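Input: a single structure, listed below in structure tokens.
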Amino acid sequence: MADTTDTTADGGAAAGASWDNEQSEVLLDYYRQMVLIRTFEQTASEMYKRAKIGGYCHLNSGEEATVVGLMAALERRDYLFTNYRDHGYALCRGMEPGAVMAELFGKSTGVARGLGGSMHMFDTEVRMLGGYGVVGGQLPVATGAALALTYRGEAGTEAEALMCQLGDGTTNIGAFHESLNLAAIWDLPIVYVIVNNRLGMGTSVEAASGEPELYKRGASYRMEGDRVDGNDVVAVREAAAAAMHRARTERKPFLLEAMSYRLKGHSVVDPERYRSSESSEEAKESDPLPAMRDWLLAQGVLDEDKADQIESDADQQVDDAVSFADSSPDPDPADLFDYSYATDVANAPHTLPGEPVVEMP
Amino acid sequence: MADTTDTTADGGAAAGASWDNEQSEVLLDYYRQMVLIRTFEQTASEMYKRAKIGGYCHLNSGEEATVVGLMAALERRDYLFTNYRDHGYALCRGMEPGAVMAELFGKSTGVARGLGGSMHMFDTEVRMLGGYGVVGGQLPVATGAALALTYRGEAGTEAEALMCQLGDGTTNIGAFHESLNLAAIWDLPIVYVIVNNRLGMGTSVEAASGEPELYKRGASYRMEGDRVDGNDVVAVREAAAAAMHRARTERKPFLLEAMSYRLKGHSVVDPERYRSSESSEEAKESDPLPAMRDWLLAQGVLDEDKADQIESDADQQVDDAVSFADSSPDPDPADLFDYSYATDVANAPHTLPGEPVVEMP
Amino acid sequence: MPVITYRQALNDTLRAELTRDENVFLIGEEIGQFEGSYKITAGLLDEFGPTRVRDTPIAEEGFVGAAIGAAMMGLRPVAEIMTINFSLIAMDQIVNHAAKIYGMFGGQTPVPMVIRTPGGGGQQLGATHSQNLEVWYAHVPGLKVVAPSTPADAKGLLTAAIRDDDPVIFLENLSLYNTKGEVPDGEQVTEIGKAAIAKEGTDITVIAYSRASVIAVETARKLEEEGISVEVVDLRSLRPLDRQTVCESVRKTSRAVVLEDDWLSYGVGAEISATVMEGAFDYLDAPVRRVAAAEVPLPYAKPMETAALPDAQDLTKVIREQLEATSFFR
Amino acid sequence: MPVITYRQALNDTLRAELTRDENVFLIGEEIGQFEGSYKITAGLLDEFGPTRVRDTPIAEEGFVGAAIGAAMMGLRPVAEIMTINFSLIAMDQIVNHAAKIYGMFGGQTPVPMVIRTPGGGGQQLGATHSQNLEVWYAHVPGLKVVAPSTPADAKGLLTAAIRDDDPVIFLENLSLYNTKGEVPDGEQVTEIGKAAIAKEGTDITVIAYSRASVIAVETARKLEEEGISVEVVDLRSLRPLDRQTVCESVRKTSRAVVLEDDWLSYGVGAEISATVMEGAFDYLDAPVRRVAAAEVPLPYAKPMETAALPDAQDLTKVIREQLEATSFFR
Ligand SMILES: Cc1ncc(C[n+]2csc(CCOP(=O)(O)OP(=O)(O)O)c2C)c(N)n1
Ligand SMILES: Cc1ncc(C[n+]2csc(CCOP(=O)(O)OP(=O)(O)O)c2C)c(N)n1
Ligand SMILES: [Mg+2]
Ligand SMILES: [Mg+2]
């Protein structure tokens, strides 16, 4: 197990060394996806300020290389569960930017009909079975979904497997422990990926975790683990793909830790008073986007024109997404009770505030 | 860290080798306590069948060497939290056998006034702050009590420290993970002791735990741990005392695992249909009482007369306990609401079933 | 009709559903080798093997969550939580996940699962092992909550619960497991959301569920000998609640008492009383009364426990008081 | 009297109690460096240091349990659970431990602690982050539960809660933090277990608590202009419940409406209605009505969320209906 304990010093650019063997088109595609996520979320942040988006809104900004690398490791047949910091995953997994933006706008064309919002991207089509808002809540559920995979097919290279993303702070909660233990004793095809962005909301990994090298926590379940530079999109993909392959073929769970950064506040409204200026500086230096852009330029895979093109394409896509979301209808309060229950039964309560629940003759 | 992975083969007798350096009186005292626990619980089991005791009743039978060794490692000033399998701890910690038996009988002279029962031995005097019935429930509470110790005194050889007992099956629940992590990051003077009796109710450690060498689970918190032969009363005491000393002086938590056996069913009503005859045989061979008796006899520390005397003394103590319990008064239903709240406030509901909670004038 | 125990009815139903649909599987602590803490799953591991009858470590949050995830993928897990008291550990999974996933994600994925769990006091299990927390579940949209009182309903409602596409909390009761009753052979599906008239009567309505319903029927039978005609409404389903049946009965009898095993304040009976207020106020001769548990952590000692829990005597007394207050006895 | 926000009142009170009693300490996620998710603990880490203001990992079960243990040892922890939704993870510690330890062990060790936690919807936080689960806590003996609606009561009740020897669930509300009100200087202790008449009136009683009480008072003021005199009972304490004050008011006005933010079925309003049934039935001109949230996982989209939550308009409509039904308008 490679122990890439310190991935801070060199950052994304140096990590690029591992990109030499990749086809240019593949790398460009990754870069394109990273730019799309960044652009999408910058706009989302803007739309939040304009009150087009409400509630909480957590961004992947700074984590794009991790997100894209992880998603590149999944096959279409694989399943994904994430936490509430889920826009990038939704986009990379193949949800339409328009439908994702519409979800943020709370429109009926949103991926969850506007009922979920930012934290709750979900689309059975692309097998992303949800962004979840309660810290750790996705882990038992994802573990059970992985259990279900063992009921419907044999292990093998073509088997379905499952990825469950979580944050560093989430390794301290009970659900993490119970889930990993179950996955271990039941030999489940699941890869748990800790996106270690160094912070809970404002709490550092060191302050929160007795063992701050989080991938080592798999040892409590004899579960293998590894740490990877989250700014190195290819390294992330390789590590995740290897773990997914193992999950498919051997039905062994894995604990992968991607060392990443959170460029912005915990959510778009977080003033980050707790963040020292150095740590903000450090985070900015670790921004995977300029690093990858520079590397691609240096390698001649990209030129300035093409780079601009990628950015303006992303702008266009996001503009279209906003237009789509903007022009989409609100969900209709008359449909409020449509998704209370999957199986209708007698006497289900369908009354609005103040309406009587039972008639007096 | 000694890795006494297999403590089954040699059992208690061989373990006795470590007893050579002990004073005879100390060993005799341990043996006496072990006999008292066994006798007490045999009688309790009998009383259960006679319906003098109700509810659940979990015995320490087979774990006596562990219980006595652990309790010998505690100072009077130390605190103890346990699970529901708590009679032996209560007795060794210094609760009167009569008051413990009275608690089992649900009498007002019981250690918890008959309100707790078998699972809930508690006595602030002897600093045993409770046997708890929800698996894992005692861990966060004990951890918080250890936190409180850091508020009221400095570390040092005279400092108070805390022991929290739990079962092997309990290492799989979330509360275990959260508690140990807190103890680690807060440097708490607490020793977690896993009494590994190889079984949850009927589930083996191997079936339930991804890492069945349970003391190793401390690694997730960089918490040191060790395993000890639970049939060797002196080894248990030594390991526990060392851990408690470290907790006092360095304020470092520790995870100790004592390899023990459960001679009987999970509780007195368990028919143990799941237990293979071999495993029952194995357990019986691992009974620490005859092993210690034989060793003491062989060493000339004990002779048959003295051994009989110890047993009949225990019988006498337990008979007295039963008499005391039997002749004690039931708690009075008129006092039902006496311990609802520590601070009385207006409008607290004090009505019996069917009584009106508010008067219509 | 065969007369079997509530326990047997559950066991039979689990067997039948495991046989009928291979997507059904059982999951929980000690349900396999140990055959269940209360032996509801006895024999099933041997019959169906460890994939269909899955023993878990002690990890309520983990295995209940796992059941949810499995249900999202199309399996139909039936989870056993050893007692309702331990369900607190799985509460986030039940309320923030099982109950939310269908609606919150816009109806994309149903969560067809059952959580079987017994509640109830009276066994001297002490304060943490004797609770009746059903009102908590009954309060939560997205869940369905049933609480059968008879072996026949245990069968019919468990069958319905397993076949339902929503998460169903299936409330058993420690003191009902050994009770007996007639249970029809063959497939029986009892509609979720409908109360039953457990006994017809004209003078007063007693509303109850689970163990309390058994007590209510017994009490009604006794009082019949004295010429008092008690109607017993067995709620069976706490969510959805069949307000119509409750109110119709009370409109007929003009008097009502709720018998419930949970604590009085904010218990199930509060909702029943409020419901009668809203749907039968004009018909009431006297305010609805509640017979519920005393509001204390339930003590271990038998006389204390007995004093704290409602029983037939308490119910009888309140029925008489109600009748007296409304000049039933002349 | 100074006019300050509810947030400021809480912050001031925590500071005052930390200063007064060195056994008091704060514990919770992000309450120190981050100053609290809703900034209730702003500045306190700097003033009192990390021993008195203790940041925890994300581990609600662990740190709430730790607060319980610390309380047993004589400290007086004030735990913050970021929102009531996450309290589900700590439920076993709260209900099976905090609420039981004093009684179950025969009164040997009190558990003097406070759990502060905000509930409430209306912020588009979606189904898992917008709940009002107060009725769950209100149901549990061994706990005390308060839900102040004004900055003054926030101060008075938090002071009382911290000084109380029992576990107190202190319910805040996201939409109240920025509301303002007069708060007396100096020490203020508001008795736990007593409701307040938030506004006197003679025609109809509205019973409410927390955010709903603010809406009720506003609505009452508006209706006053039309000559409708609404009395508002602010429960303040859900456990113990001040049934006397509720019933006295209703006996006076003969009409009652409950306004509550939680789901209707088995909500707080059910107990209020049942209480009025039992203590003021003979005085009622019409059945008590409840205005509560629609029973769905709360949707994110604003129009849906708005439709599901009760507001002043809903309350006004029901008040008018009540008055009409009882021929108030001639
Ligand atoms: C059980 C629970 N407790 C607290 C919160 C509030 N909360 C939301 S995000 C967060 C920090 C999570 O940190 P981490 O796991 O590192 O994920 P990240 O936000 O960095 O992606 C907290 C405490 C929550 N949502 N759920
Ligand atoms: C949360 C919870 N789940 C289930 C139970 C039921 N239960 C009581 S004891 C027990 C087994 C515990 O095994 P272990 O931790 O090894 O302790 P032992 O009984 O062997 O001392 C179980 C499952 C419980 N009390 N609490
Ligand atoms: Mg993080
Ligand atoms: Mg064990």
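A, B, ... follow the sequence lines: proteins, then strands. Residue 1 opens every chain. The shown structure was predicted, so the numbers you read here are calculated from the model rather than taken from an experiment. As a basis for the values below, the full set of heavy atoms in this structure was taken, side chains included, without hydrogen atoms, waters or symmetry mates.
Partners of C:Glu260 according to the side-chain hydrogen bond (donor to acceptor under 3.5 Å, both in side chains) rule, which considers only residues two or more places apart in sequence or in another chain, do not exist here. Checked against side chain to side chain contact (heavy atoms under 4.5 Å, CB included), C:Glu271 has the following partners two or more places apart in sequence or in another chain: C:Leu241, C:Arg243, C:Thr275, D:Ser265, D:Tyr266, D:Ala270, D:Arg290.
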- Message: Could you go through B:Ile173 and C:Ile89, starting from their C-alpha distance and side-chain angles, then the distance that decides it, and tell me whether this counts as side-chain contact (heavy atoms from CB on, under 4.5 Å)?
- Response: CA-CA 9 Å; B:Ile173 204 158; C:Ile89 293 173; 4.0 Å; yes
- Message: side-chain contact (heavy atoms from CB on, under 4.5 Å) for C:Leu264 and B:Val357? Distances and angles first, verdict last.
- Response: CA-CA 9 Å; C:Leu264 185 131; B:Val357 286; 3.6 Å; yes
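Contact count versus chain B (heavy atoms, under 4.5 Å) is highest, among C:His129, C:Gln313, C:Glu35, C:Glu60, for C:His129. Of the listed residues (B:Asp335, B:Asp332, B:Thr171), the one with the most heavy-atom contacts under 4.5 Å to chain C is B:Asp332. When the candidates C:Trp263, C:Phe34, C:Phe86 are compared by the number of heavy-atom contacts under 4.5 Å with chain B, C:Phe34 comes out ahead. Counting heavy-atom pairs under 4.5 Å between each of C:Glu321, C:Glu30, C:Gln33, C:Lys302 and chain B puts C:Glu30 at the top. Considering only heavy-atom pairs separated by less than 4.5 Å from chain C, the leading option among B:Ser108, B:Pro333, B:Pro356 is B:Pro333. Taking C:Thr83, C:Val291, C:Leu88 one by one and counting their heavy-atom pairs under 4.5 Å with chain B, the maximum is reached by C:Val291. Among C:Gly126, C:Ala292, C:Ala59, the residue making the largest number of heavy-atom pairs under 4.5 Å with chain B is C:Ala292. Heavy-atom pairs under 4.5 Å with chain B were tallied for C:Asp314, C:Val318, C:Ile58; the largest tally goes to C:Ile58.
Residue B:Asp270 touches chain C through its side chain alone, counting heavy-atom pairs closer than 4.5 Å. With a threshold of 4.5 angstrom between heavy atoms, C:Leu259 does not approach chain B through any atom at all. With a 4.5 angstrom heavy-atom cutoff, C:Leu315 does not touch chain B via any of its atoms. Residue C:Ala127: no heavy atom, backbone or side chain, is found under 4.5 Å from chain B. Contacts of B:Thr203 with chain C are made by both backbone and side-chain atoms, with heavy-atom separations under 4.5 Å.
C:Tyr300 places no side-chain N or O within 3.5 Å of a backbone atom of B:Ala112 that could act as its donor or acceptor partner. Without hydrogens or angle criteria, C:Gln123 side chain to B:Gly55 main chain gives no donor-acceptor distance under 3.5 Å.
A donor and an acceptor atom, one from each side chain of B:Ser340 and C:Glu295, are nowhere located under 3.5 Å apart.
Separation of atoms CZ (B:Arg273) and NZ (C:Lys39) is listed at 5.5 Å; rounding is to 0.5 Å. To the nearest 0.5 Å, atom CE of residue C:Met82 and atom CE of residue B:Met201 are 4.5 Å apart. Going from atom CD of C:Gln124 over to atom OH of B:Tyr56 covers 12.5 Å, rounded to the nearest 0.5 Å.
In terms of heavy atoms, C:Pro287 sits closest to B:Met360 at CG-CE, 3.5 Å. Minimum heavy-atom separation, C:Ala301 to B:Gly106: CB-O, 3.3 Å. Residues C:Ala307 and B:Pro353 approach most closely at O-CD, 3.2 Å, considering heavy atoms.
Across B:Asp338, B:Leu115, B:Leu336, a single residue satisfies side chain to side chain contact (heavy atoms under 4.5 Å, CB included) together with C:Val296, and that is B:Leu336.
Interface with chain C: from residues 116-124 of chain B, residues B:Gly116, B:Gly117, B:Met119, B:His120 qualify, criterion being any non-hydrogen pair under 4.5 Å.
Residue pairs meeting the salt bridge (charged side-chain N to carboxylate O under 4.0 Å, His left out) criterion with at least one member in residues 340-361 of chain B, sequence neighbours excluded, do not occur.
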